[in-house]
Structures are given as C-alpha cells and as structure tokens.
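Input: a single structure, listed below in structure tokens.
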There are 2 protein chains.
Amino acid sequence: MNQGITEAQFLDQYNPKDYDSPLMTVDIALFTLHESTLQILLVERGDHPHKGRWALPGGFIDLKSDTELHDTAKRKLREKTGVDVPLLEQVNTIGNARRDPRGWSVTALYMALVPHAPTAEFIETVKDARWWPIDEVRKLPLAFDHAELVHLARERLKNKTAYTVLPIHVLKQPFSLTQLQQAFELLMDATLEKKSFRRRILNAEILEEVGEGVPEGGRGRPTALYRPAKNSEQYLFTRVFGDAVSS
Amino acid sequence: MNQGITEAQFLDQYNPKDYDSPLMTVDIALFTLHESTLQILLVERGDHPHKGRWALPGGFIDLKSDTELHDTAKRKLREKTGVDVPLLEQVNTIGNARRDPRGWSVTALYMALVPHAPTAEFIETVKDARWWPIDEVRKLPLAFDHAELVHLARERLKNKTAYTVLPIHVLKQPFSLTQLQQAFELLMDATLEKKSFRRRILNAEILEEVGEGVPEGGRGRPTALYRPAKNSEQYLFTRVFGDAVSS
DNA sequence: CATATTATTGGCCAACAGCCACTATATAGC
DNA sequence: GCTATATAGTGGCTGTTGGCCAATAATATG
C-alpha cells in the first residue's frame, strides 16, 4: 500500500477527499422540567431534507472551529438556547445507509438536562425552536430517525436519573422534598415511595435545610426547604435509587 | 439556502464531496479470558499512519457493503478472528481534530467479550494480530489514542460485568462456581466474597447443575459443575452484583 | 371549631450482603 | 492406614436497607 515511504511523505500525499466517507452529524436531546411536565427542545427544519419537520437541534461538525465532538454539540445548543450547557452526556451513535436520504449517515447523540428559566426568554426569540412536552412529541412529524433518537435519549434519562442526583441542580432553589420527589418521578417515569425517597435523599447528605415555605397547593402543613449542599457536586453520580421504583 | 425547490430536486443537486467531513472509523475492543488473565485483541499496523504500532482492530466504513455501523465492526472482527461476534456493545464515540495526523477524525468504539477457544487457531494464521494480556498493553506502543480507547472499554467491561451474567457464556462448559467466580473477579478487577457470590448466582436461577468434576489444582473436595440454564439468555442483563465488591 | 390538605415521622417486616468459622471430601506423603 | 493439606460448600449471625402504611403535625377554609 504505502511501502518504503516515511510517515511524513505519506501525510503529504494524503487527501481525505480521495475516499468515501459518511455524513457525520451531532444531535442533542435537551430536556427540561416545566409546569410539571418533561419537555424537550425541538427545531423546525428550514432546509431540505425533511424541510418543515421537527428535529433535534444539531448539525455538522465545523472542522475549522470545533476541536472536540462535543464542541459541536455545545455550539449548536448555544445558538438555540443562548446558554452554555455544562454537562453533556453521550447517549449513542447511530449510523446506517438509510437514515438520511443524502446517503450513509452517522450521528452522535448527546443528552442534557437544564433548568427552564435561563433559557426561556431566549428561545422565544429563536423563531424555529421551542420546548415540547415529551408526550406530545410522538404526535409530531419528526425528521429522519429522530423519533428513535428521542426515545433512546429518554430511556437514558430514566436510567441516568436513577443513578444520580441530577435533578437537584435543575429545580428552582430552594425546593421542598415534595417538589424534588416530583422531579425525580417525572424524569424516571415512575412512582417513588415517599418515606424511602426521603430516607435516601437525606441520608446522602447532599441537601442543606434553609427554612420553611408554603406547601404545594397553598394549604396544609408548611414544608421544609432545601438547597444543594456545597459538596453536592461530588455526589453527582452517587447512586440514589435502586429498584425502589414501581413501574 | 434551498428556497423554492422540492426535496427531489435538492437531492439531485446534492453531492457529499462538496462538504468537508471528518474521517469516520470504527474500533473494537475484543476481550477474552485465557489462562487466568484478561486478554485483548490487538493488531500491528502495516500501513501509515503509525505503521508498526499496535492498534485495536477496526477501520473505515465500507459505504457499499455495510448497512449499519456495527456491520463494519462485525466485518472487521470476522477478518481478524474468523468468528461472528454476536453481542457488540457500543462504548463511546470519540472525535476531535488531533487524534489522527490525517485530520479531524471520529471513531465509534465497540466492545465485546468472546470465549477463547473458537478464535485461537484462526488468530494464529492472521500474522499481524494476537491476544495480549491486558496488563502488558500499557507497555506497548499503541497507535493514535488507542491507549485511551482501551481504558474506556476496560472500564465499561468492569461495569457491564457487575450488571450482567455475561461471563457465563464465555467459560468452557461445564464450569464450577469457583471458576465462574474467578472469571467475574478478573472481569470486574475486584475480589468477591465466596458465600455472597454463590448466593446471588444460585438465587438468580440461571444455572443448571450437571454433575461433578475435579477441583482446581487436582486435589480437594470434588466440585459441582454447572451450565447455563435454558432460559438464561433472558437474564443476560439482570443485575447480579451490587456494591458487593472490595476494591 | 370541624374538616380537609399537605408534610413529616414511627415502626415493623422481609430481603439481602458481609463475615467467618465450620463441615465435607478429596489427594499426597509417610 | 493415618495425617496433613487443599479445595468445595454450608450455617448462622449481624447490620443495613427498602417497602409499607398508619400515626402525627401544622396549616387553610368555611
């Protein structure tokens, strides 16, 4: 193949355009909690292919400005949400010959969960993007195989949540344990037992009590409010829930 | 951008070579257990770049014959081991501008664990490939960022093993519980408590007793031999071990 | 003041993991 | 044979944790 030449000579001769390569994209499933629903950010495609359909934010790598794969993901999210998403989790990479009409295509799927507030006003200004409640997404016409990608990300989110204290950093602070439990339940799509939930969360020592607040619904016993303890970042990947989920 | 044209017209005009795209490859960390060590398959590179260094088996997608990303992985493994690997797990996808001297490069890393015997003779005939004990790999000159890829796959293997009954299908059958425990310990890189191990494995009801055999070392009480029960495939992803690991 | 509503705690039981000593059954050497 | 040694397998205790659900606390409403 390249006998008898040095590596420098080889690189000199090499031109990537001499070879066929697939399309390479990045897609991001960005989730948030708002008004007691789990929501996902979708973008209405303005270009072919699949013009007019809803899609996950994402796109091609900019070989000049991006130096890491997740730089592309961060850049695309910044364009659509106006904020920098710190924790991007890679979910899966899907590649085949039929998912994009333009030909062989590979996409790296990322996932993140962000608080709703900081993004809300900005997204209104991006006319082709909006938050969709996750339950309504299956009624939408989605581009490419994005219905499948949404499903993969949603499953990962369920699992991830069971293993981490992730929702703590998504709620408006301070929050009550009831609110925190509701957040966990939304993300995990499961019902948690109240006493077990409180035991685990409090034993983990990741919360700090900061006073009292009004209960859900305005009436009833006042509730204790909490915020993440200073050292709670380090517990971000602590296992908090086991099999303590019913469906 | 493409105003006023139909999707068919758009696709007609479209040529992927008009756009810059990164190199896209697939790499596979193939593990096996042999002679009480965890081993990984490596290939000595015959071409630039990094000619002469050891690398994970892998390579470029064949846009004509491969229809799925993991087809590429399976094809490459078949060339090197002579066998079809049924269970390929995707570990991670790494992409950046500096991992390959040829330019921006993305690789999808897969992982699998196979029994040693069926591959052994074939690999001898592939002169550039061999099994390496995992502990010796860090002394080798590895190509690209494959040292990092090996590390990622090894970590995933540890976790995966803790959650599945994977080693059952890798041992020569029938096997004793002592042998099974040793396999788990090698894969998880941890010490397991004998009684707890046996309790969990036997309670899972995934094994079938099939007689007696000689103990390890030839002397001592004879050992019960087991093989996977018929329904054990469905338990492939059952959680078998929790935090019952010391180091 | 009675009732409804939400928050929080008490307390029991069953399951299970860690621990380690004890028993069982073989081989090797004398 | 007898003893030492090696490996396999079990008994049984303890502490932790999760599921369950009833009891108690503290407020709002009419």
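Below, read A as the first sequence line, B as the second, and so on, with proteins coming before strands; counting in each chain starts at 1.
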Check whether any side-chain nitrogen or oxygen of B:Arg219 sits under 4.0 Å from OP1 or OP2 of D:dT5, and answer yes or no.
-> no

Is the shortest side-chain N to carboxylate O distance from B:Lys139 to B:Glu136 below 4.0 Å?
-> no

Among the candidates D:dG18, D:dG12, D:dT7, find the nucleotide nearest to the side-chain atoms of B:Lys195.
-> D:dG12

Closer to the 5' end of DNA chain D via nearest nucleotide, is it A:Glu212 or B:Gly220?
-> B:Gly220

C:dT8 P sits how many Å from A:Leu202 CG, rounded?
-> 9 Å

Between B:Gln39 and B:Thr37, is a side chain to side chain donor-acceptor pair (under 3.5 Å) present by the stated rule, with each step listed?
-> CA-CA 6 Å; B:Gln39 308 195 345; B:Thr37 56; 3.1 Å; yes

From CD1 of B:Ile201 across to P of C:dC16 the rounded distance in Å is 14 Å

Lys/Arg N to Asp/Glu carboxylate O, B:Asp84 vs B:Arg78, below 4.0 Å | yes

So which nucleotide from D:dC20, D:dG9, D:dA25 ends up closest to the side chain of B:Arg198?
-> D:dG9

Let me know which of A:Leu88, A:Thr72, A:Leu109 forms a side chain to side chain contact (heavy atoms under 4.5 Å, CB included) with A:Ile28.
-> A:Leu88

Atom CD of A:Glu216 and atom C1' of D:dA28 are separated, to the nearest Å, by 15 Å

Hey, is A:Asp128 close enough to A:Lys80 for a salt bridge, meaning N to O under 4.0 Å?
-> yes

Counting side-chain heavy atoms from CB outward, which of C:dG18, D:dT24, D:dG19 is closest to B:Ser196?
-> C:dG18

Give the nucleotide from the list D:dG9, C:dG18, C:dA7 with an atom nearest to the side chain of A:Pro215.
-> C:dA7

Rounded to whole Å, the CD-P distance (A:Gln182 to C:dA7) equals 8 Å

Would you mind classifying the nucleic acid contact of A:Thr178 as base, sugar-phosphate or nothing, using non-hydrogen atoms under 4.0 angstrom?
-> sugar-phosphate

Respond yes when some side-chain nitrogen or oxygen of B:Arg200 is under 4.0 Å from OP1 or OP2 of C:dA17, and no when none is.
-> yes

Relative to the 5' end of DNA chain D, which residue comes earlier, A:Lys194 or A:Gly218, by the nucleotide with the nearest heavy atom?
-> A:Lys194

Ignoring backbone atoms, test whether A:Thr223 places a side-chain nitrogen or oxygen under 4.0 Å from the OP1 or OP2 oxygen of C:dT6.
-> no

In whole Å, what is the span from the CZ atom of B:Phe197 to the P atom of C:dC16?
-> 17 Å

Of the candidate nucleotides D:dC20, D:dG9, C:dT25, which contains the atom at the shortest distance from the side chain of A:Arg199?
-> D:dC20

